[in-house]
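Letters go in sequence order (proteins before strands), and every chain restarts at 1. Quick caveat, the model's predicted, so the values are computed rather than measured.
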Protein chains: 2
Amino acid sequence: MAHFTHHSEENYLKTLFKLESRQDKKVNNTALAKALNLNPATVLEMIRKLTDRKMVQLKPDKSIQLTEKGKKKALLTIRKHRLWEVFLVEKMNYKWNEVHELAEQLEHIESADLVDRLDGFLGNPPFDPHGDPIPDKNGKIKPNLSVPLSDCIPGKNYTVINLIDTSDEFLQFLGKLNILPGRRIKLLEKLKYDNSFSVEVQEKTVQFSEKVAKNILVQSV
Amino acid sequence: MAHFTHHSEENYLKTLFKLESRQDKKVNNTALAKALNLNPATVLEMIRKLTDRKMVQLKPDKSIQLTEKGKKKALLTIRKHRLWEVFLVEKMNYKWNEVHELAEQLEHIESADLVDRLDGFLGNPPFDPHGDPIPDKNGKIKPNLSVPLSDCIPGKNYTVINLIDTSDEFLQFLGKLNILPGRRIKLLEKLKYDNSFSVEVQEKTVQFSEKVAKNILVQSV
DNA sequence: CATTTTTATTTGGTATACCAAATTTTTTAT
DNA sequence: ATAAAAAATTTGGTATACCAAATAAAAATG
Ligand SMILES: [Mn+2]
Ligand SMILES: [Mn+2]
Ligand SMILES: [Mn+2]
Ligand SMILES: [Mn+2]
């Protein structure tokens with residue numbers, strides 16, 4: 001029963017993590033307050049609590065920095081948020097632009113075990129519906145993770161990393177479409193009725209089957 | 001962003017609803033405090049807030065009574081709780097005895113729409129994993145709802161209400177098992193490997209197929 | 001009916017999480 | 001270096017939800 005929600009702690013950590021990684025520059029109280037849409041006095045007070053909890057460090061230059069502990073908690077919260085978003089889109093039939101607010105609520109459900117089960121239930125998706133990578137249960141985002149184009153999100157840009165099928169036939173086919181490792185492509189659409197893929201390559205739109213898409217490893221840009 | 005959680009309101013209403021229906025007698029502050037495991041001073045304070053919000057009425061004899069508004073909110077919270085429990089058992093593979101605490105968290109997610117979608121996703125289950133009925137989206141628990149025995153929960157007692165198949169063959173078969181409308185039975189087990197049913201009828205255990213179970217309408221006791 | 005006992009209520013606190021309005025400190029620009 | 005601007009901090013509040021201890025009121029018991 002003990003009401004240890006600390007609901008807002010997760011929001012602070014998540015926001016701090018995003019600010020730290022988006023710009024590489026230091027995060028100050030004003031920036032954090034702006035990002036959280038809160039009063040600077042409120043944020044300062046909370047940062048002091050988070051310092052006591054060893055989640056952040058207040059540097060001598062007054063910049064705020066996540067500790068390893070804080071970073072991990074931030075990533076685990078991001079994991080929860082993104083997995084719930086996948087659930088909402090894939091299972092509850094929401095559109096990708098409708099799920100954020102609900103995920104803001106669901107991300108605060110406390111149970112590492114539930115999230116891990118959800119992950120499995122959803123087939124261990126590498127990305128959320130907006131194309132953002134989903135951290136693993138240890139809070140690690142695999143760097144340079146390449147995934148089959150068939151698992152990707154329409155509307156996002158990718159770099160071709162590798163090809164699984166290396167038969168001449170396949171490579172020649174891709175050659176005609178101008179697809180090769182290193183190439184920047186954009187996944188335009190996954191067509192429902194025949195599972196075919198529509199992709200933009202060098203200003204041109206090309207089409208191919210799901211079988212082809214499964215053999216193209218890409219990485220989100 | 002506005003933190004309108006009113007997280008605890010739902011707990012008070014739910015608990016009040018259960019106390020009101022379990023015993024038919026009036027609910028006083030002490031009983032509610034005991035049920036919520038809170039200090040009576042805390043509960044009194046909250047009951048005054050709930051009175052302002054027209055969720056409860058403080059009767060002249062100091063008993064606490066849910067208004068229609070309060071009863072509806074209580075039932076919608078119970079609906080959320082029970083549907084999430086079904087989700088946890090059916091989709092997340094938890095055991096029925098492991099889901100209550102998680103459902104206590106999930107029941108406070110604010111979105112009537114999500115719960116309705118969840119309901120559909122789960123196939124509109126009539127009961128939660130403990131055999132308790134799930135209110136509909138208007139907060140109504142259908143009185144005397146009879147359901148196929150095939151949808152029921154092992155370990156619970158039921159009354160046979162009706163038979164869908166009325167062929168002589170079927171009725172004669174049931175006659176041999178001593179199953180007929182009005183009979184009290186207990187569902188012992190749903191056997192995984194052949195989907196057969198094990199039921200206790202008048203001190204004896206009988207077995208039959210899922211096809212038979214689908215044709216027996218029962219009501220939980 | 002008077003005395004326990006129980007229940008209700010009041011009072012003064014606590015913790016979390018917010019805010020607005022000073023004030024102080026630091027930075028930037030002139 | 002000084003003035004202006006920006007950022008940090010302090011101070012005094014608010015709302016939600018809790019509690020312990022004291023007091024008042026009501027109910028039960030002999
Ligand atoms: Mn989101
Ligand atoms: Mn959030
Ligand atoms: Mn439960
Ligand atoms: Mn609850």
Engineer: Under 4.0 Å from any atom of DNA chain D, heavy atoms only: list the residues of residues 54-65 of chain A that qualify, in numerical order.
Structural biologist: A/Lys62
Engineer: Indicate yes or no: does B/Lys214 engage B/Asp151 in a salt bridge with an N to O separation below 4.0 Å.
Structural biologist: no
Engineer: Students often get this wrong, so: under 4.0 angstrom with heavy atoms, is A/Thr30 touching a base, only sugar-phosphate, or nothing?
Structural biologist: sugar-phosphate
Engineer: To the nearest Å, how far apart are B/Ile47 CD1 and D/dT16 P?
Structural biologist: 15 Å
Engineer: Please report the distance, rounded to the nearest Å, between CG in A/Asn39 and C1' in D/dT14.
Structural biologist: 13 Å
Engineer: Distance check needed: C/dC18 P versus A/Glu9 CD, whole Å only.
Structural biologist: 12 Å
Engineer: A/Met46 side chain: which of D/dC18, C/dA17, D/dT11 is closest?
Structural biologist: C/dA17
Engineer: Between P on C/dA15 and CD on A/Glu45, what's the gap in Å once rounded to a whole number?
Structural biologist: 12 Å
Engineer: I need the minimum non-hydrogen distance between B/Cys152 and B/Val147, along with the two atoms involved.
Structural biologist: SG-CG2, 3.8 Å
Engineer: To the nearest angstrom, how far is B/His7 atom NE2 from D/dA17 atom P?
Structural biologist: 9 Å
Engineer: Salt-bridge test for A/Lys14 and A/Glu104: reply yes if a basic N is under 4.0 Å from a carboxylate O, no otherwise.
Structural biologist: yes
Engineer: Give the minimum heavy-atom separation between B/Arg82 and B/Ile134, together with the two atoms involved.
Structural biologist: CB-CG1, 3.7 Å
Engineer: Would you confirm whether the ring centroid of B/Phe87 sits within less than 6.0 angstrom of the ring centroid of B/Tyr94?
Structural biologist: no
Engineer: Reading DNA chain C from 5' onward, which residue's closest nucleotide shows up sooner: A/Pro40 or B/Asn29?
Structural biologist: B/Asn29
Engineer: Write down the atom of B/Leu58, the atom of B/Lys62, and the distance for their closest heavy-atom approach.
Structural biologist: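 B/Leu58 and B/Lys62 have their closest heavy atoms at CD2-O, 4.3 Å.
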Engineer: Among D/dC18, C/dT16, D/dA20, which nucleotide sits nearest the side chain of A/His6?
Structural biologist: C/dT16
Engineer: OP1 or OP2 of D/dT10 sitting under 4.0 Å from any side-chain N/O of A/Arg48?
Structural biologist: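 Yes, A/Arg48 has a side-chain N/O under 4.0 Å of OP1/OP2 on D/dT10.
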Engineer: Looking at B/Tyr12, does any N or O in its side chain come under 4.0 Å of the phosphate oxygens OP1/OP2 on D/dT16?
Structural biologist: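 Checking B/Tyr12 against D/dT16: no side-chain N or O falls below 4.0 Å of OP1 or OP2.
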Engineer: Hey, is the side chain of B/Thr42 poking within less than 4.0 Å of OP1 or OP2 on D/dA17, counting only N and O atoms?
Structural biologist: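 No.
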Engineer: Nearest to the side chain of B/Ser8 - D/dA17, C/dA17, D/dT10?
Structural biologist: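 Side chain of B/Ser8 sits closest to D/dA17.
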Engineer: Quick one: B/Leu38 CG to D/dC19 C1', roughly how many Å, whole number?
Structural biologist: 10 Å
Engineer: Considering only side-chain heavy atoms of A/Arg53, which listed nucleotide, C/dA17, D/dT11, D/dT16, is closest?
Structural biologist: C/dA17
Engineer: For a quick check, tell me whether the side chain of A/Asn28 and the base of D/dA7 share a donor-acceptor pair closer than 3.5 Å.
Structural biologist: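 Such a pair does not exist between side chain and base.
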Engineer: From C/dC19, C/dT16, C/dT10, pick the nucleotide closest to the side chain of A/Lys49?
Structural biologist: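 Ranking C/dC19, C/dT16, C/dT10 by closest atom to the A/Lys49 side chain puts C/dT16 first.
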Engineer: Any strand is fair game: report the nucleotide pairing with D/dA24 by Watson-Crick or G-U wobble, both distances under 3.5 Å, or none.
Structural biologist: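 Across any shown strand, D/dA24 pairs with C/dT7.
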Engineer: List for me each residue that meets salt bridge (charged side-chain N to carboxylate O under 4.0 Å, His left out) alongside A/Asp113, sequence neighbours excluded, and say none if there are none.
Structural biologist: A/Arg117
